[in-house]
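Note sheet for the following structure.
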Amino acid sequence: MNRIDFTFSDLISGYVDHYHESLRVLNVSTSDGRPYEIQLTPNTYAKCTHNLDEPWADRGAQLADLLTPGQLVFVYGTYFPEDEIQFEANYIIFAGDDVDQLRCNEPGWWRRQIDCIAAAYLKWQFNFPQDHIDYGNYRTLISLTGGKAYEDYTQETDTISRMVYGMASAYMLTGKDEYLDAAEKGTEYLREHMRFVDQDTGLIYWYHGIRTGRDGRQQKLLVSEFSDDYDCIPAYEQIYALAGPVQTYRLTGDSSILADVDKTIALFNQHYLDQDNGGYYSHINAISLSPHDKTLGRNQARKNWNSVGDHAPAYLINLWLATVEPGYLQMLENTFDWIVKYFPDDQGSPFVQEKFFDDWGKDQSWGWQQNRAVVGHNLKIAWNLMRFCSIVPKSEYSELACKIAKVMPSVGYDAQRFGWYDVVERVLEPGQSFHRFAWHDRKAWWQQEQGILAYLVLYGHHPDDKMFKKYAWESAAFYNAFFLDHNDGGVYFNTLANGIPFLVGTERFKGSHSMSAYHSTELCFLATVYHELLIAKRPIELFFKPLPDGFRNRLLRVSPDMLPHGHVKIQECTIDGSQYYDFDPDDLAVQLPVSDHRLVVRVVLTPTIE
Amino acid sequence: MLITKSQYTLWDIVHIEGKIDTKTSSFLQEFIDNEVEFSRPLALDMSLVTFLSSAGLRALLLLSRRSHSAGSQLALIGTNQNIVDTMEVTGFLEYFTLYSEIEDLSH
């Protein structure tokens, strides 16, 4: 029907089969094994993937040495539809200097990346280190280069909480005090300005945010400002309000955080929980706090991935790691049981069903979602099931995680260029081979995070599975090649399918309703944990700074995630710089000494299984 | 709870009598939805309100948001000290303009 008889540029990602140096002809096979012949020109240039704290890594003079069979390359070039379609390379990005040695698998890669991202957000939000960290200066919207508005702005609870999560995670990996300072001040700011203590019930819920107008007048926003959730209190905002404080609690044991969290969980269980059919509703009315209120309109008595599944990754796993409380574990088990029971839709689609009516019937007509799949939600389910499976090893958890991971590459992955798509139709129409994109074929940073973590976590659990390894490496290589903003810091929101940053509209921003040093730092944190401890089998350092009256029984739990039992132990512990020996290496717990001041606790965790 | 509406100069006045709690907050909101257009400044006459629950506070916040979005003014009249104290403790007070008497409203 349509002829491709014009030139166009695109990306070919894959593995080198052969390089003919004198002819400058490169043969590459894509992720799914399709061969391409690529002509290098005298102007073809090359670099190696480099981290945020590294300069351009030119490789133009080393092409013959690097273009060896098996090398993972990204080749951007131009197609010429002539007698045979020619492809001429404009530039090449190497994922590493040696086959099977990706730069992003080097020791400390993700730790250095979280350090850079956290430092960038401190600079943008607070002009740190020149100025002190003051959340009064926090803005939800941050431009590509870190600029922000000084009047007529909004401070959203969730984005502050997400940034706090990033800061707390950065402290745990680096031990830099400024990140802990940012996490604690952000937590305090949320408590002071965004917390609603219900005087009638004692429950806590969190404002959507605060808006400050041009005249300087402030207005507290109780209900969501977004079209999906307008005039409601959506569950996901309450869920993400806890993300930062809980990650901070893991470091400090601040009991006031725990009190707030418990009263918010009580809100979930009293007002969002469906006592009859199970699951958490996605929205409640702001006055009646009922999910059944008719004023909720299209959000009346609905459940979705966020309201059911996001408790675990946002705060609940981290809360359990710090407390080992059975009640939190039970809540986690409930959410995962609902996921494995209701989300798979084998007869309907390769993707999970993620929106539901009251009785778990499929809601396939809601707003923008209709019968569409968010690719990253599928992947996120996979890696979170595997995390929880380490503690509650139900076969149905690992079976669903593996099933999702086995099917996603054929329906949500870009086999030509690597990377994960955004939102696609869940069902193929007659004659279609590819799931249609809801809006575009761009690739969002947070969806890449889900892909990387899904396959890293699965590979960590299944070290002999080559498929999990392949997609873990490809996904991480694509992200690190294209998403790092080496000019202005942080990571890009979106790229085109070919990896070029898409810098238009809100997708240009480094801070927005959906982006705030969360997914990028969560990726760095968990990639460090899984890659170093379970895959590369290398020790990692973690830092904590508990309050003197913090953790119950002065027991500091240092497990970085829900890891397979017995795979990791404490090798070494120092407190305030001195060796300390009162810890249980296998239980990953440190018995803190009595102290009248905050202790700096450093632990070295090491893999126990070769 | 009894709710009536009147006008004073440019202002719409909504007179509330009784408790604003979980049961009655929805009634208040429904009354305002049906009777108030936000094209004029709005004052709630709270002088006969005896109790304001958290649900009532939330209703006031939603009202404040609607008024703000419409570029209109919102004032509370004759709010009793117990309720003022509640609003202060919960951090609401700074977001509302309070007057003692209807006659204090600007012309």
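To find a chain, count down the sequence lines: A is the first, B the second, and so on, and within it residues start at 1. Everything numeric here is computed off the predicted structure, so don't read it as measured data.
- Annotation for A:K148: atom NZ counts as buried by contact number, over 12 foreign heavy atoms lying within 6.0 Å.
- In this structure the side chain of B:R65 reaches within 4.5 angstrom of the side chain of A:V223, judged on heavy atoms.
- Around atom NZ of B:K5, more than 12 heavy atoms belonging to other residues, nucleotides or ligands sit under 6.0 Å away.
- Shown here is A:H292, whose NE2 atom has more than 12 heavy atoms of other residues, nucleotides or ligands within 6.0 Å.
- Within a 6.0 Å radius of CD in B:E101, other residues, nucleotides and ligands contribute 12 heavy atoms or fewer.
- Residue B:Q7 places its CD atom among more than 12 non-hydrogen atoms of other residues, nucleotides or ligands, all under 6.0 Å distant.
- In this structure, B:R58 CZ and A:Y207 OH are separated by 10.0 Å, a value rounded to the nearest 0.5 Å.
- The main-chain N or O of A:Q199 is found under 3.5 Å from a side-chain atom of B:S54 such that the two form a donor-acceptor pair.
- At least one donor-acceptor pair under 3.5 Å links the side chain of A:Q219 to the backbone N or O of B:S64.
- B:L62 contributes atom CG, which lies 8.0 Å from atom CG of A:N285 (distance to the nearest 0.5 angstrom).
- Atom OG1 of A:T295 is separated from atom CD of B:Q29 by 7.0 Å, given to the nearest 0.5 angstrom.
- The structure places CD1 of A:I287 at 11.0 Å from CD of B:E30, a figure rounded to the nearest 0.5 Å.
- One distance of note links CG of B:L61 with CG of A:L221; it measures 9.0 Å at 0.5 Å rounding.
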